[in-house]
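Below, read A as the first sequence line, B as the second, and so on, with proteins coming before strands; counting in each chain starts at 1.
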Protein chains: 2
Amino acid sequence: MGNIHDIARIAGVSAATVSRVLNDHPYVSAEKRKAVLDAAEQLHYEKNINAVHLARGKTDIIGVILPFASHPYFGSILSGIASAAEKNGFKLMIAQTNYDVNQEIDALNMLKLKQVDGLIITSRECPIDVVKDYSTFGNVVVCESWSGHQMSSVFVNQYEAFKEALHYFLQKGHAKIGYSVLRMDGKSSTARRKAYEEVFGFVRKDWIFDRALTIEDGTRLAGEWANLDDRPTAMLITNDFVAAGFILECRRLGFTVPGDVSVIGFDNHPISAPLGITTVDLPLHELGKIAFEQAIAAGNRSHQEVPFTIVERESV
Amino acid sequence: MGNIHDIARIAGVSAATVSRVLNDHPYVSAEKRKAVLDAAEQLHYEKNINAVHLARGKTDIIGVILPFASHPYFGSILSGIASAAEKNGFKLMIAQTNYDVNQEIDALNMLKLKQVDGLIITSRECPIDVVKDYSTFGNVVVCESWSGHQMSSVFVNQYEAFKEALHYFLQKGHAKIGYSVLRMDGKSSTARRKAYEEVFGFVRKDWIFDRALTIEDGTRLAGEWANLDDRPTAMLITNDFVAAGFILECRRLGFTVPGDVSVIGFDNHPISAPLGITTVDLPLHELGKIAFEQAIAAGNRSHQEVPFTIVERESV
DNA sequence: GTGAAAGCGCTAACAA
DNA sequence: TTGTTAGCGCTTTCAC
């Protein structure tokens, strides 16, 4: 074990020189370099990264806030962030929040505490303005449509994506369209509602289903849909997991897809292909990579929109 | 901003007293406590966690090594770990390794660098002996069957689970059973092969399929299975995602499940229910929680087996 | 109850 | 090319 001073003593140099060698700084003679390396070897020296962080005033760590680590939507984004982090020699600190504001605040505080250099918020419950206030402590990037100079953002244009999917249904002859969201008052839900109103000039509350995130939610949704007196003939669904649960349960209940009800999902998760789900492809892995780049970007904030594409399969 | 000394000066106390107040230590008079708190408030003081880590010699951070953050198997474990971490006031550092040994080593080194107090290895490529060597730097827990005093372990008894599933097939009248694994030489694959030999007294190479982890792999598997001259009538499949891909592709190819081929998956992932996949339920979230507890346990290593149960549905 | 002082281990500006 | 020195900001022992 031992520290930099032990090495310095054994190698007969100063601690500064040891530091230089250890960090590959130039201007160290070959002999001293070797002496240092030998001493380090001999002591089984290991650097204490906390001391480095303290002295440097930065950590090369990025924090990631996500509500559920086990959901594929966030898993994909996380995976993209992780790939980029590895390439850049950064570590990742994650905070699973369950959309609990206190846990979100707790995670945001990592920035204040200088535990992380930057923070990526994949989704949130707490007000954007409180998030924004943390931007003075480091880069914060939000994975949602947001413009302003304090934070960076990377996002899919939910409004346009939803509208395009709606038009796709329309063009296939559907006039009665319902949809599902995770949280009624969530950011993307608002965009979706707006798109719906824009296209139809109205919204029907009984055709909007919320709390739809998982496969089980999709199953429940099918029951709710089936119980409606006036059923939509097409459903635009939160994501492919929910869509999978919805479609499979509809079939179990004796309905046909797309016969009785057409479905479009979001994400283009691998499950959508064998299930023949028409879906809006979202480049989540790529979005994660971009988020990471923004998190480590020096100074300049940016706002990047990533493209979506409708993948036509058999559920419409 | 400012630091503990600034507070001390303003409050008219010593830095030690400030530290006491900030850490809720007893033996500080009410007046001084208030003075300190006021000064901290006034300065918008924020603690530098790196200094704390350095001084304390520990970080309250646990590292998690996982090959793929976006795969549901690891996502579930991670989610369990994260829940437990939150409850205990710990943070999580994750390393996505892609089963790349260099990245694994890089992650293991967080332990040496004192970046994390403990490390959970959900799955690995690098030799167990090199992992073991890191146990002198902190708690390491492996999510696989392993016994020894250096590390803790939490695992499903793959051998027994596989054997029980095999017997289930047998009892349903199947004699020709094939199976799939992720990596031929992986730890759990070895256990599965052993169980197979134990039950049948032989293994047929063409009935073992490897590199099966994702839904797409399941799709591919179906093609390979269909191309066999002598096809197994039952398949024990890596996990429910692979099983889903397999079953759906089999049907697309004109086969019936369980008519032409019966299937048992692993994990009891939510997708297996609506798809009617008979599966071996694995308590992954719980496993993650246990792993975390072991990672922060002082001193005592332990080895815990978590139970599995066969969930009967319609694919057999 | 409180403070002084000695670390924790490394970095970096400055001088030589 | 190298060493000296002054931090980085907090904790904790020991003495009072």
> Partners of H269(B) by ring pair (Phe, Tyr, Trp, His ring centres under 6.0 Å), sequence neighbours excluded?
Replying inline: F241(A), F241(B)
>> Under the salt bridge (Lys or Arg N to Asp or Glu O under 4.0 Å) definition, can you give me all pairs with a residue in residues 48-69 of chain A, not counting sequence neighbours?
In response: K58(A)-D60(A)
>> Quick check on contacts: within residues 105-113 of chain B, what sits under 4.0 Å from DNA chain C by heavy-atom distance?
In response: none
> Which residues pass the salt bridge (charged side-chain N to carboxylate O under 4.0 Å, His left out) test with D106(B), sequence neighbours left out?
Replying inline: K91(A)
>> Going by salt bridge (Lys or Arg N to Asp or Glu O under 4.0 Å), name the pairs with one or both residues in residues 6-19 of chain B, residues two or more places apart or in two chains.
In response: D6(B)-R9(B)
>> Between Q304(B) and S153(B), is the side-chain hydrogen bond (donor to acceptor under 3.5 Å, both in side chains) condition met? List the steps.
In response: CA-CA 6 Å; Q304(B) 298 191 40; S153(B) 65; over 6 Å; no
> If you measure from CG on N300(B) to OG on S152(B), what distance do you get to the nearest 0.5 Å?
Replying inline: 7.5 Å
>> If only side-chain N and O atoms count, and only distance matters, is there a donor-acceptor pair under 3.5 Å linking H285(B) with S76(B)?
In response: no
> Tell me, which of residues 30-40 of chain A have any heavy atom that sits under 4.0 Å from an atom in DNA chain D?
Replying inline: K32(A)
> Can a salt bridge be assigned to the pair R183(A) and E125(A) using a cut-off of 4.0 Å between side-chain N and carboxylate O?
Replying inline: yes
>> Under 4.0 Å, heavy atoms only, any strand: does V18(B) hit a base, just the sugar-phosphate, or nothing?
In response: nothing
> Quick check: are there more than 12 heavy atoms from other residues, nucleotides or ligands sitting under 6.0 Å from NZ of K112(A)?
Replying inline: yes
> Are S123(A) and Y99(A) linked by a side-chain donor-acceptor pair shorter than 3.5 Å?
Replying inline: yes
>> Need two values: the first and the last nucleotide of DNA chain D, 5' to 3', having an atom under 4.0 Å from any heavy-atom of chain A.
In response: dT1(D) to dG9(D)
>> Tell me every residue that passes ring pair (Phe, Tyr, Trp, His ring centres under 6.0 Å) with F155(A), counting only those two or more places apart in sequence or in another chain.
In response: none
>> Holding to ring pair (Phe, Tyr, Trp, His ring centres under 6.0 Å), I want the full list of residues that pass it with Y45(A), two or more places apart in sequence or in another chain.
In response: none
> So among I81(B), T97(B), N98(B), L78(B), which one has a side chain to side chain contact (heavy atoms under 4.5 Å, CB included) with L66(B)?
Replying inline: L78(B)
Sort me out a list of protein N/O and nucleotides 9-13 of chain C N/O pairs below 3.5 Å, or just none if empty.
residue	atom	partner	partner atom	Å
dC10(C)	OP1	Y45(A)	OH	2.1
dC10(C)	OP1	N48(A)	N	3.4
dC10(C)	OP2	I4(A)	N	2.6
dT11(C)	OP1	N23(A)	OD1	3.4
dT11(C)	OP1	N23(A)	ND2	3.2
dT11(C)	OP2	S19(A)	OG	2.8
dT11(C)	OP2	N23(A)	ND2	3.3

> Which pairs with one or both residues in residues 126-144 of chain A pass salt bridge (Lys or Arg N to Asp or Glu O under 4.0 Å), sequence neighbours excluded?
Replying inline: R124(A)-E144(A), D129(A)-K132(A), E144(A)-K187(A)
> Any chance the rings of F90(B) and F292(B) have centres within less than 6.0 Å?
Replying inline: yes
> To the nearest 10 degrees, how far apart in direction are the end axes of the helix from dG1(C)-dC16(D) to dA16(C)-dT1(D), each fit to five base pairs?
Replying inline: 30°
